[in-house]
Amino acid sequence: MSNKISPFAIKFPQIPAIAGVELFTAHSGMRYSKHDIFFAKFTDGANVGGLLTSNTMPGEPVIWCREILPHGKAKALVVNSGYSNVLTGEAGKTTIKKTVQKAIELTGCKADEVYIASTGIIGQPVNDDLLIEALDKKLGKAGFEQATIAINTTDTFSKGVFVEAKIGGTKVSIAGIIKGSGMIAPDMATMLGFLFTDAAISSKVLQQLMAEIVDKTYHAITVDSDTSTSDAVLAFATGKAGNNEITDINAPEFQDFRAKFLEANLELAKLVVKDGEGATKFVTIEITGAENDKAAKNIGLSIANSPLVKTAIAGQDPNWGRIAGAIGKAGEKVNKDKTNIWLGVNQVCKNGALSADYNEAACQEHMKQPNIIIKAEVGIANGKSTVYTIDLTHGYIEINADYRS
């Protein structure tokens, strides 16, 4: 498997401890030489909200989390990398039961306060003995970077974010970690993401927060159009900051946190794309003039997932005809005679024809840059959306051809 680090890799941020959360990692020896178990303990409990994959072949951890999420309380989070516990039959259900029982022993919590996530190979059972032994005897205290390393699979760098916000006069913290590199597409991605805040926020509001940010973040990214069976993004609020608990998402004192929470999740989503398998280009696609925002997103994703567009980007070819073709295949209303397309600041198509100002050299220069911007205006109404993707290279093929080796 390729270990080539993404050209967009950045240093993991300094993330201080979040009050009410204790982090641990361990090496189980199941598949990797690195630590592959992440365990979070919420010392006095936490409220929780989350997003789970819409894939109709979900893993056992997703099924479990979907069952307990309505209770909105958490005392423990257990994550393993290497094996996803998907399509594992009764063995997979047994893994969940054993994991929950061990977490109960470690924290004294209830079963519906234990959240579980797994990532890795599909169809091969988790080695329960190694997992439970790691939780029982090998856990060591860790920071957020160590926790992120433990959940990584084909990731080439560890991804995290830290922001501060205010709720009324109280300063609060938001820390987030995420893994994801391939099988990235809306309706989440091959992605496990975890956010931790010391703010006091009800589980109802956390769930509302997650629901409102998803279309602008995790549903706006794509690497390869494949959706995963294991996706989960969970947010935990310990309440240790001391603010009065937020029970209304529209409360005036909550709006700074609301904006910062969106900012943190958008950064995590972009980091997942920037670590996309084989990436050499980070591509931002901005669609305007669509029938509505949903139509704009569909058009943006049609461009973002087009192999012809993605390979042209990899080859640094300003082939805007491929972009136009992808717009047309989206199945959304467009006015061909009012369609405009730009590569960066260079207009290539004006009112459905080659722009009189088209500059091949300028467009080629833009395509040589690591950050590519594609804009399209489709002349119907005011719908708009922004989608993020990468190019399609030989590196993607090499990584996924060798994934199980």
Side-chain angles (χ1 to χ4, degrees), residues 1 3 5-6 9 12-13 15 18 21-42 48 50-53 59-62 64-65 74 76-86 95-96 99 103 114-122 126-127 130-131 134-135 138-162 175-184 188-196 218 228-236 264-265 267-269 271-277 403:
M1 187 179 295
N3 290 319
I5 296 174
S6 167
F12 194 85
I15 303 182
I18 300 296
V21 185
E22 295 180 357
L23 309 179
F24 305 85
T25 63
H27 176 232
S28 74
M30 273 189 280
R31 184 180 178 202
Y32 298 125
S33 59
K34 70 177 182 72
H35 280 207
D36 56 354
I37 305 296
F38 167 44
F39 181 78
K41 178 181 179 181
F42 303 98
V48 59
L51 301 167
L52 301 167
T53 185
E60 293 301 330
V62 168
W64 172 255
C65 287
L77 167 66
V78 185
V79 188
N80 79 277
S81 63
Y83 297 95
S84 65
N85 197 6
V86 177
T95 296
I96 296 297
T99 304
V114 180
Y115 284 79
I116 301 172
S118 300
T119 180
I121 292 174
I122 293 172
V126 175
N127 187 316
L130 292 178
L131 172 62
L135 290 170
K138 297 182 178 181
L139 289 176
K141 285 194 173 183
F144 283 100
E145 185 170 14
Q146 291 74 31
T148 309
I149 291 170
I151 67 175
N152 286 346
T153 53
T154 60
D155 305 68
T156 72
F157 68 97
S158 294
K159 297 172 277 290
V161 68
F162 177 75
I177 62 174
I178 200 162
K179 66 81 52 185
S181 188
M183 283 180 76
I184 306 299
M188 312 285 289
T190 253
M191 200 169 60
L192 298 181
F194 307 105
L195 294 110
F196 307 88
Y218 305 112
S228 169
T229 52
S230 302
D231 304 329
V233 179
L234 301 170
F236 302 93
N265 282 277
E267 175 62 14
L268 290 174
L271 287 172
V272 169
V273 176
K274 289 179 178 181
D275 199 19
E277 291 167 346
Y403 179 64

Checklist outcome for this item: A40 and F196 have their tightest heavy-atom pair at CB-CE2, 4.4 Å

Next on the checklist: Can a donor-acceptor pair be found, under 3.5 Å and without considering hydrogens, that links the side chain of Q146 to the backbone of G143?
Outcome noted: yes

Item to check | Any residue meeting ring-ring contact (aromatic ring centres under 6.0 Å, His included) with F42, in chain and number order, not counting sequence neighbours | outcome: F236

Checklist entry - About how many Å separate OH of Y83 and OG1 of T95, when rounded to the nearest 0.5 Å? => result 12.5 Å

Item to check | For the student: nearest non-hydrogen atoms of A264 and V161, plus distance | outcome: O-CG1, 3.8 Å

Checklist entry - Is the backbone of N152 close enough, under 3.5 Å, to the side chain of K34 for a donor and an acceptor to pair up by distance? => result yes

Next on the checklist: So, taking the atom named CD1 in I96 and the one named SG in C65, what distance separates them when rounded to the nearest 0.5 Å?
Outcome noted: 7.5 Å

Checklist outcome for this item: So CG of L130 and CG of N80: to nearest 0.5 Å the spacing works out to 11.0 Å

Next on the checklist: Y218 vs I178, test: side-chain contact (heavy atoms from CB on, under 4.5 Å). Steps then yes/no.
Outcome noted: CA-CA 11 Å; Y218 305 112; I178 200 162; 3.6 Å; yes

Next on the checklist: T148: which residues meet the side-chain hydrogen bond (donor to acceptor under 3.5 Å, both in side chains) condition with it, sequence neighbours left out?
Outcome noted: none

Checklist entry - Does A235 have any side chain to side chain contact (heavy atoms under 4.5 Å, CB included) partners at least two apart in sequence or in another chain, and if so, which? => result L195, L206, M210, F261

Item to check | Step-by-step side-chain contact (heavy atoms from CB on, under 4.5 Å) determination, I37 to M30 | outcome: CA-CA 10 Å; I37 305 296; M30 273 189 280; 4.1 Å; yes

Next on the checklist: Quick check on side chain to side chain contact (heavy atoms under 4.5 Å, CB included): which of V62, L77, T99, V79 does I116 satisfy it with?
Outcome noted: T99

Item to check | Audit row: F157, L271, side-chain contact (heavy atoms from CB on, under 4.5 Å) steps and yes/no | outcome: CA-CA 9 Å; F157 68 97; L271 287 172; 4.1 Å; yes

Item to check | Spacing of CG belonging to N265 relative to CG belonging to L51, to within rounding of 0.5 Å | outcome: 8.5 Å

Checklist entry - Is it true that the side chains of S81 and K179 contain a donor and an acceptor less than 3.5 Å apart? => result no

Checklist entry - What's the spacing between I151 CD1 and L192 CG if we round to 0.5 Å? => result 6.0 Å

Next on the checklist: Rounded to the nearest 0.5 Å, what separates atom CZ in R31 from atom OG1 in T153?
Outcome noted: 8.0 Å

Next on the checklist: Per the side chain to side chain donor-acceptor pair (under 3.5 Å) rule, what does the pair list look like for residues 21-30, sequence neighbours excluded?
Outcome noted: T25-H35, S28-D36

Next on the checklist: Restricting to side-chain hydrogen bond (donor to acceptor under 3.5 Å, both in side chains), what partner residues turn up for K138, sequence neighbours left out?
Outcome noted: none

Checklist entry - Do S84 side-chain atoms and I121 backbone N/O form a donor-acceptor pair below 3.5 Å? => result yes

Item to check | Contacts of type side chain to side chain contact (heavy atoms under 4.5 Å, CB included), residue I15, not counting sequence neighbours | outcome: F12, P13, F144, F162, A175

Next on the checklist: Would you say S6 and K274 are linked by a side-chain donor-acceptor pair, where the criterion is simply a distance under 3.5 Å?
Outcome noted: no

Checklist entry - Does N85 reach the main-chain N or O of G59 with its side chain, forming a donor-acceptor pair under 3.5 Å? => result no

